[in-house]
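Have a look at the structure below before the remarks.
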Amino acid sequence: GNKMKSTILKGLALALCAGVFSGPALAEIQERTIRVSNGVAEEHPVGNGVKAMTECMADKSGGKMKLTAFWSGALGGDLDATQALRSGTQEMVITSTSPLVGIAPALGVFDLPFLFSDEKEADAILDGEFGKYISDQMPGHGLVNLAYWENGFRNLTNSQRAVAGVEDIKGLKVRVMQNNIFLDSFQNLGANAVPMAFGEVFTALETGAIDGQENPVVTIDTSKFSEVQDHLTLSRHAYTPFMVLYSKPLWDQLDPEEQAILQECAVVGRDVQRKASRDLGAESLENVKAAGMEVTELTPEAQAEMREAVKPVYEKHAATIGQEVVDKMMAELKKLRGE
Ligand code: TF8
């Protein structure tokens, strides 16, 4: 009679639940609010990537796993936040590789000037065997890399003069990241290079404590450097990727199902983030022009001269980065270029 009907209905309801969600594994997923920090503003393409990653996680976890994002260095800069991950007091950071070379010297390979020729090459290296080789080393440093996202090719800005070649850089006080390869590169270019955390750059430019800095155009635009810089040179002198890092001590407390969701969704976010970065590239260039920045393109000769000036950096820093790491990168690039 009625009792039997209700048993059948209960069974049916259970079967439906199991079908709608992804089976028994869902039981292992807990309600989690994961903090992710970044040094840039939410308008940066990283904002698009975090949004896509958040939606993906909600989708795959039945709404249980959430990201709470902190922008503009609200939880500390790239390096401070990364240290918080290593000690297990913060879950995630999206950071440039460059400020982390003190933790993982191999990351210095991405700081070598004029390493990648275009975005396609960067994607192939980062999403391929080499990217995995670097990611595999991160747990040894208390970090788990979920994916490589994009900051972009870096360009020089300053408040003093249009820079059309190496001779114009001479004597400019240029902020560089806390990274010896960048310090050396800009010293070789004749700049007075000053290492500084990203969070201090705007004020230092505004007060004239420094003349210039270097970052991709989307970062220059979304960080409003156009308000305090008059000249932009499209030097494309380095492509330093973002890593989407998770705290290793906290990672080890996650269920494998939760780990898989984070890994898959960081890649979903990556594709959205890179597309936004490339779409916004042209728009950002228009924005900074509209804000009054004068944009200078380098002639092939000026570019060649710049490459020549920074060349010694490769050999000088190979031992610190690890000769094996540098050789592997060069071999991969050769393969990609069909050389
Ligand atoms: C730098 C970096 C930074 C980014 C950003 C904080 O110049 O390029 O702009 O890591 O996410 O320090």
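Order of listing sets the numbers, starting from 1, for every ligand and every atom in it. Residue indices begin at 1 and follow the sequence shown.
- Nearest to atom 5 (C) of ligand 1 among the protein's heavy atoms is Val40 CG1, 3.5 Å.
- When each of Thr296, Leu298, Val217 is checked for a side-chain contact (heavy atoms from CB on, under 4.5 Å) with Leu234, only Val217 meets the rule.
- A tilted orientation is assigned to the rings of Tyr133 and Phe130, their planes being inclined by 30° to 60°.
- The shortest contact between atom 3 (C) of ligand 1 and any protein heavy atom is with Phe198 CD1, 3.7 Å.
- The backbone N or O of Met196 lies less than 3.5 Å from a partner atom in the side chain of Arg175, making a donor-acceptor pair.
- For atom 8 (O) of ligand 1, the nearest protein heavy atom (residue, atom name, distance) is Asn215 OD1, 2.7 Å.
- Taking the six-membered ring where the residue is Trp, the centroids of Tyr239 and Tyr148 are separated by 6.0 Å or more.
- Using a 4.0 Å cut-off to heavy atoms of Thr219, the atoms of ligand 1 that qualify are 9 (O).
- Counting atoms of ligand 1 from 1 in the listed order, those under 4.0 Å from a heavy atom of Asp78 are 4 (C), 6 (C), 10 (O).
- The six-membered or imidazole ring of His317 lies away from that of Phe182, with a centre-to-centre distance of 6.0 Å or more.
- The N/O atoms of Glu214, backbone and side chain alike, include none that comes under 3.5 Å of an N/O atom in ligand 1.
- Only side-chain heavy atoms of Asn151 come within less than 4.0 Å of ligand 1; its backbone N, CA, C and O stay farther off.
- Of all heavy-atom pairs spanning Ile181 and Asn179, the tightest one is N-OD1, 2.9 Å.
- With a heavy-atom cut-off of 4.0 Å, Thr240 does not touch ligand 1 at all.
- When all heavy atoms of Tyr246 and Met92 are compared, the pair lying nearest together is CD1-CG, 3.2 Å.
- Atoms of ligand 1 found under 4.0 Å from any heavy atom of Met177 (numbered from 1 in listed order, with element): 1 (C), 2 (C), 7 (O), 12 (O).
- Here the heavy atom of the protein found nearest to atom 6 (C) of ligand 1 is Gly39 CA, 3.4 Å.
- Protein heavy atom closest to atom 4 (C) of ligand 1, with residue, atom name and distance, is Ser96 OG, 3.3 Å.
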request  = Check the pair Asp271, Gln273 against side chain to side chain donor-acceptor pair (under 3.5 Å), reporting the backbone distance first and the verdict last.
outcome  = CA-CA 5 Å; Asp271 294 341; Gln273 195 272 337; over 6 Å; no
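- The shortest N/O to N/O separation between Thr95 and ligand 1 does not fall below 3.5 Å.
- For Arg175, the heavy-atom gap to ligand 1 drops under 4.0 angstrom.
- Ligand 1 lies less than 4.0 angstrom from a heavy atom belonging to Arg154.
- None of Lys275, Arg270, Arg274 except one satisfies the salt bridge (charged side-chain N to carboxylate O under 4.0 Å, His left out) rule with Asp123; the exception is Arg274.
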